[in-house]
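Structure first, commentary second.
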Amino acid sequence: MNLRQPRLVFSNLSLVAAVILSGCAVQSNTSQLDSAAEQEDFNDPLEDTNRAIFDFNQVVDRNVLVPVAKAYRTVLPDPVRDSLRDFLRNLREPLIFANDALQGEFERAGQTFARFTLNSTLGVGGFIDVAGRWGELPYHEDDLGLTFGVWGIPEGPYLVIPILGPSTPRDLGGQVAEGFGDPFSRLVTGNPYTLYWIPFVRGGVAGIDQRSRYIETLADIERTSLDYYATVRSLYRQRRAALIRHEKEQNLPPPASFGQNDGPAAPAVAKSLAARPVFVSETPNLPEVSR
């Protein structure tokens with residue numbers, strides 16, 4: 001057992017007793033952590049590959065996305081960024097309406113339809129969230145991956161996608177299907193328009209806007225995490241599970257992916273999740289403890 005050499009204050013007998021007791025405490029604590037780890041199924045058979053992609057994404061994030069997000073936040077004042085976010089959200093409302101209906105949530109579907117109608121007309125094409133600010137019809141997230149989850153389709157193993165971040169086969173399949181079925185994308189890329197670059201610009205702006213709103217939150221989580229990869233994995237799964245349960249936005253963990261257009265979550269929730277204990281199986285780089 002690797003222990004720092006203590007100062008020779010106590011007698012040799014006291015020192016030996018202290019070492020024995022500390023060894024027993026470490027062994028007992030480690031056993032508890034191992035037992036807890038066995039009870040949680042991380043479903044991450046591709047962890048080595050996922051961690052390599054995660055490290056690549058972190059390099060891109062630190063050197064490209066965060067500087068661009070900071071510049072975006074510096075150049076555009078808050079009201080402009082809020083209006084841009086509202087516009088991007090409004091473009092998603094037809095997809096959200098379809099997913100609400102597919103999940104059998106017809107009341108939510110009606111609210112989504114009302115939001116889209118009000119914001120597209122009185123809200124100047126969606127640049128002003130009239131329905132959310134004055135109509136008490138707040139925006140809610142929904143996508144085909146969540147619909148698959150409501151239907152009971154298993155999420156599959158955890159995946160990390162280059163640039164886009166955390167995902168699962170269920171969520172990735174839903175994201176690809178929505179890309180083909182998005183009414184706005186089909187409008188601008190089909191006859192008479194052939195503006196194939198617009199969906200890419202839309203996705204990039206949505207991602208930069210979202211990243212700009214979580215710069216400090218994700219930095220705090222990374223700084224306080226023993227294993228940032230494991231924490232992001234946990235955050236992602238907790239957020240997706242909460243969305244399937246239709247929890248309110250202020251109770252959601254922060255998004256850990258680049259490609260979704262989400263609203264900010266409560267900072268207190270993010271900090272509490274960042275401070276969660278990390279199991280031994282989540283921290284492969286920790287020094288091994290002798291028993």
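One-based numbering along the sequence shown.
- Asp209 and Tyr72 are linked by a side-chain donor-acceptor pair at a separation below 3.5 angstrom, with hydrogens and angles left out of the test.
- Grouping Ile, Leu, Val, Met, Phe, Trp and Tyr residues whose side-chain heavy atoms lie under 4.5 Å apart, directly or via other members, leaves Phe200 alone, with no other cluster members.
- Residues Tyr236 and Asp171 have side chains that bring a donor and an acceptor to within less than 3.5 angstrom of each other.
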Given Glu216 and Arg223, is the salt bridge (charged side-chain N to carboxylate O under 4.0 Å, His left out) satisfied, shown in steps?
CA-CA 10 Å; Glu216 290 78 17; Arg223 185 174 60 253; over 6 Å; no
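- Ser225 contributes a side-chain N or O that, together with a main-chain N or O of Ile221, makes up a donor-acceptor pair within less than 3.5 Å.
- Using a 4.5 Å cut-off between side-chain heavy atoms of Ile, Leu, Val, Met, Phe, Trp and Tyr, with links allowed through other members, Val80 and Val205 fall into the same hydrophobic cluster.
- No side-chain donor-acceptor contact under 3.5 Å links Tyr214 and Asp220.
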Full working for side chain to side chain contact (heavy atoms under 4.5 Å, CB included) between Arg85 and Gln210
CA-CA 9 Å; Arg85 181 193 60 180; Gln210 176 179 281; over 6 Å; no
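- Leu122 and Phe87 sit in two unconnected hydrophobic clusters of ILVMFWY residues. Membership requires side-chain heavy atoms under 4.5 Å apart, directly or through other members.
- Taking both residues in full, the closest heavy atoms of Pro67 and Arg62 are given as CD-O, 3.3 Å, listed atom of the first, atom of the second, then distance.
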Side chain to side chain contact (heavy atoms under 4.5 Å, CB included) assessment of Tyr228 paired with Leu218
CA-CA 10 Å; Tyr228 189 43; Leu218 292 180; 3.9 Å; yes
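- A continuous path of ILVMFWY side-chain contacts below 4.5 Å connects Leu65 to Leu76, so both sit in one hydrophobic cluster.
- Arg73 contributes a side-chain N or O that, together with a main-chain N or O of Ser212, makes up a donor-acceptor pair within less than 3.5 Å.
- When side chains are defined from C-beta on, Ile163 counts as touching Val60, because their heavy atoms get closer than 4.5 Å.
- For the pair Thr117 and Thr121, the tightest heavy-atom approach, listed with the atom from each and the gap, is O-OG1, 2.6 Å.
- Side-chain atoms of Glu178 and Asn99 include a donor-acceptor pair closer than 3.5 Å.
- Legend: residues meeting side-chain hydrogen bond (donor to acceptor under 3.5 Å, both in side chains) with Arg81, ordered by chain and number and at least two apart, are Asp78.
- In this structure, the side chains of Ile96 and Glu141 stay at 4.5 Å or more apart for every pair of heavy atoms.
- Ion pair Glu93/Arg89 not flagged as a salt bridge, since none of the NZ, NE, NH1 or NH2 atoms sits closer than 4.0 Å to an Asp/Glu carboxylate oxygen.
- With respect to the salt-bridge test (charged N to carboxylate O, under 4.0 angstrom), the residues Arg240 and Asp143 qualify.
- Partner Asp86 forms a salt bridge (Lys or Arg N to Asp or Glu O under 4.0 Å) with one of Arg92, Arg133, Arg115 and no other, that one being Arg133.
- Salt bridge present: Arg233 and Asp44 bring a charged side-chain N and a carboxylate O closer than 4.0 Å.
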Residues Tyr139, Thr112; criterion side chain to side chain contact (heavy atoms under 4.5 Å, CB included); working and verdict:
CA-CA 8 Å; Tyr139 173 84; Thr112 302; over 6 Å; no
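- The aromatic rings of Phe113 and Phe97 are tilted relative to each other, their planes meeting at an angle between 30° and 60°.
- Note on Tyr229: it clusters hydrophobically with Ile53, by side-chain heavy-atom contacts below 4.5 Å among ILVMFWY residues.
- At distances below 3.5 Å, not a single donor-acceptor pair connects side-chain atoms of Asp100 with backbone N or O atoms of Gly110.
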So Ile215 and Arg211, side chain to side chain contact (heavy atoms under 4.5 Å, CB included) or not? Walk me through it.
CA-CA 6 Å; Ile215 292 175; Arg211 189 65 183 90; 4.1 Å; yes
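- When all heavy atoms of Leu118 and Ala131 are compared, the pair lying nearest together is CD1-CB, 4.1 Å.
- Side-chain contact annotation: Thr147 with Gln103, donor-acceptor N/O pair under 3.5 Å present.
- In terms of hydrophobic clustering, with Ile, Leu, Val, Met, Phe, Trp and Tyr side chains grouped at heavy-atom distances under 4.5 Å, Phe116 and Phe106 are assigned to different clusters.
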